[in-house]
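Structure first, then comments.
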Amino acid sequence: MSKKTKAFIYQLICFAVLFIAVRFLVATYTNLTGYWIPLTAFVVGTILAPRFQAITTRDGEKLFMKWIFIKGIKEIK
(Lines give C-alpha, C1' and ligand atoms only; values in the text may rest on other atoms or scores of the structure.)
Protein backbone atom coordinates (compact mmCIF):
# COMPACT_ATOMS: atom_id res chain seq x y z
CA MET A 1 0.00 0.00 0.00
CA SER A 2 1.45 3.34 -0.99
CA LYS A 3 1.82 6.25 1.41
CA LYS A 4 -0.72 8.30 -0.55
CA THR A 5 -3.31 5.58 -0.04
CA LYS A 6 -2.49 5.41 3.68
CA ALA A 7 -2.84 9.19 3.96
CA PHE A 8 -6.25 9.05 2.28
CA ILE A 9 -7.45 6.20 4.50
CA TYR A 10 -6.20 7.86 7.71
CA GLN A 11 -7.87 11.14 6.77
CA LEU A 12 -11.12 9.38 5.87
CA ILE A 13 -11.21 7.41 9.13
CA CYS A 14 -10.48 10.47 11.27
CA PHE A 15 -13.15 12.51 9.51
CA ALA A 16 -15.70 9.69 9.76
CA VAL A 17 -15.16 9.24 13.50
CA LEU A 18 -15.50 12.97 14.14
CA PHE A 19 -18.50 13.28 11.82
CA ILE A 20 -20.42 10.47 13.52
CA ALA A 21 -19.58 11.72 17.02
CA VAL A 22 -20.51 15.33 16.26
CA ARG A 23 -23.69 14.26 14.43
CA PHE A 24 -24.80 12.31 17.48
CA LEU A 25 -23.96 15.16 19.86
CA VAL A 26 -25.67 17.80 17.71
CA ALA A 27 -28.81 15.68 17.31
CA THR A 28 -28.95 14.96 21.03
CA TYR A 29 -28.08 18.31 22.58
CA THR A 30 -29.32 20.97 20.13
CA ASN A 31 -32.65 21.89 18.59
CA LEU A 32 -31.39 21.56 15.02
CA THR A 33 -33.52 19.52 12.64
CA GLY A 34 -33.40 18.25 9.08
CA TYR A 35 -30.31 18.88 6.97
CA TRP A 36 -28.78 21.19 9.59
CA ILE A 37 -27.60 18.26 11.70
CA PRO A 38 -25.37 16.58 9.07
CA LEU A 39 -24.30 19.95 7.67
CA THR A 40 -23.10 21.10 11.09
CA ALA A 41 -21.36 17.75 11.67
CA PHE A 42 -19.67 18.02 8.26
CA VAL A 43 -18.30 21.51 8.93
CA VAL A 44 -17.07 20.65 12.43
CA GLY A 45 -15.57 17.36 11.23
CA THR A 46 -13.78 19.07 8.37
CA ILE A 47 -12.28 21.70 10.66
CA LEU A 48 -11.27 19.34 13.49
CA ALA A 49 -9.97 16.36 11.47
CA PRO A 50 -6.19 16.09 11.10
CA ARG A 51 -4.64 16.51 7.65
CA PHE A 52 -2.43 13.71 6.30
CA GLN A 53 -0.13 14.09 3.31
CA ALA A 54 2.44 11.87 1.60
CA ILE A 55 5.52 13.74 0.39
CA THR A 56 8.46 12.41 -1.59
CA THR A 57 11.79 13.36 0.01
CA ARG A 58 15.41 12.36 -0.57
CA ASP A 59 14.91 9.47 1.86
CA GLY A 60 11.82 8.22 0.04
CA GLU A 61 8.13 8.82 0.47
CA LYS A 62 7.08 9.95 3.95
CA LEU A 63 3.73 10.49 5.63
CA PHE A 64 3.10 13.73 7.54
CA MET A 65 0.23 14.93 9.74
CA LYS A 66 -0.91 18.43 10.65
CA TRP A 67 -3.60 19.06 13.25
CA ILE A 68 -4.93 22.21 14.89
CA PHE A 69 -4.38 20.71 18.37
CA ILE A 70 -0.70 19.90 17.75
CA LYS A 71 1.90 22.56 17.03
CA GLY A 72 3.82 22.00 13.81
CA ILE A 73 3.92 19.04 11.46
CA LYS A 74 4.56 15.49 12.66
CA GLU A 75 6.02 12.63 10.66
CA ILE A 76 4.03 9.38 10.78
CA LYS A 77 6.07 6.18 10.52
Side-chain angles (χ1 to χ4, degrees):
M1 181 181 315
S2 72
K3 298 281 184 173
K4 289 183 182 182
T5 306
K6 281 186 181 181
F8 175 74
I9 290 172
Y10 287 158
Q11 195 157 340
L12 180 66
I13 290 171
C14 290
F15 172 78
V17 167
L18 285 170
F19 177 82
I20 292 168
V22 171
R23 192 178 196 297
F24 173 75
L25 292 172
V26 167
T28 303
Y29 296 110
T30 66
N31 292 327
L32 294 177
T33 59
Y35 288 111
W36 288 108
I37 296 170
L39 183 64
T40 303
F42 172 77
V43 171
V44 171
T46 302
I47 292 170
L48 295 181
R51 308 316 189 253
F52 293 91
Q53 188 171 12
I55 298 177
T56 304
T57 62
R58 287 184 226 135
D59 301 329
E61 198 172 33
K62 293 187 177 186
L63 187 60
F64 293 95
M65 177 188 81
K66 183 177 181 182
W67 199 18
I68 62 171
F69 299 116
I70 298 175
K71 186 176 182 178
I73 298 171
K74 298 234 177 192
E75 181 182 345
I76 308 294
K77 293 184 179 184

Would you compute the distance between atom CD1 of Ile68 and atom CZ of Arg51 and round it to the nearest 0.5 angstrom?
7.5 Å
Atom pair CE (Met65) and CD (Gln11), whose distance is rounded to the nearest 0.5 Å
11.5 Å
Identify the two heavy atoms, one from Leu63 and one from Lys3, that lie closest to each other, and give their separation to 0.1 Å.
CD1-O, 3.8 Å
Looking only at heavy atoms, which two atoms of Val22 and Val44 are closest? And how far apart?
CG2-CG1, 3.8 Å
Could you tell me the separation between the CG atom of Leu48 and the CZ atom of Phe15, rounded to the nearest 0.5 Å?
10.5 Å
Minimal non-hydrogen separation, Phe52 against Ala7, with atom names:
CB-O, 3.7 Å
Are Ile47 and Phe19 joined in one hydrophobic group, where the rule is that I, L, V, M, F, W and Y side chains link up if heavy atoms are under 4.5 Å apart?
yes
Rounded distance (nearest 0.5 Å) linking atom OH of Tyr10 with atom CD1 of Ile76:
7.5 Å
Could you tell me the separation between the CG atom of Leu18 and the CD1 atom of Ile13, rounded to the nearest 0.5 Å?
12.0 Å
Between NZ of Lys62 and OG1 of Thr57, what distance do you get to the nearest 0.5 Å?
4.5 Å
In terms of hydrophobic clusters joined by side-chain contacts under 4.5 Å, are Ile20 and Val43 together?
yes
Is the backbone of Phe24 close enough, under 3.5 Å, to the side chain of Thr28 for a donor and an acceptor to pair up by distance?
yes
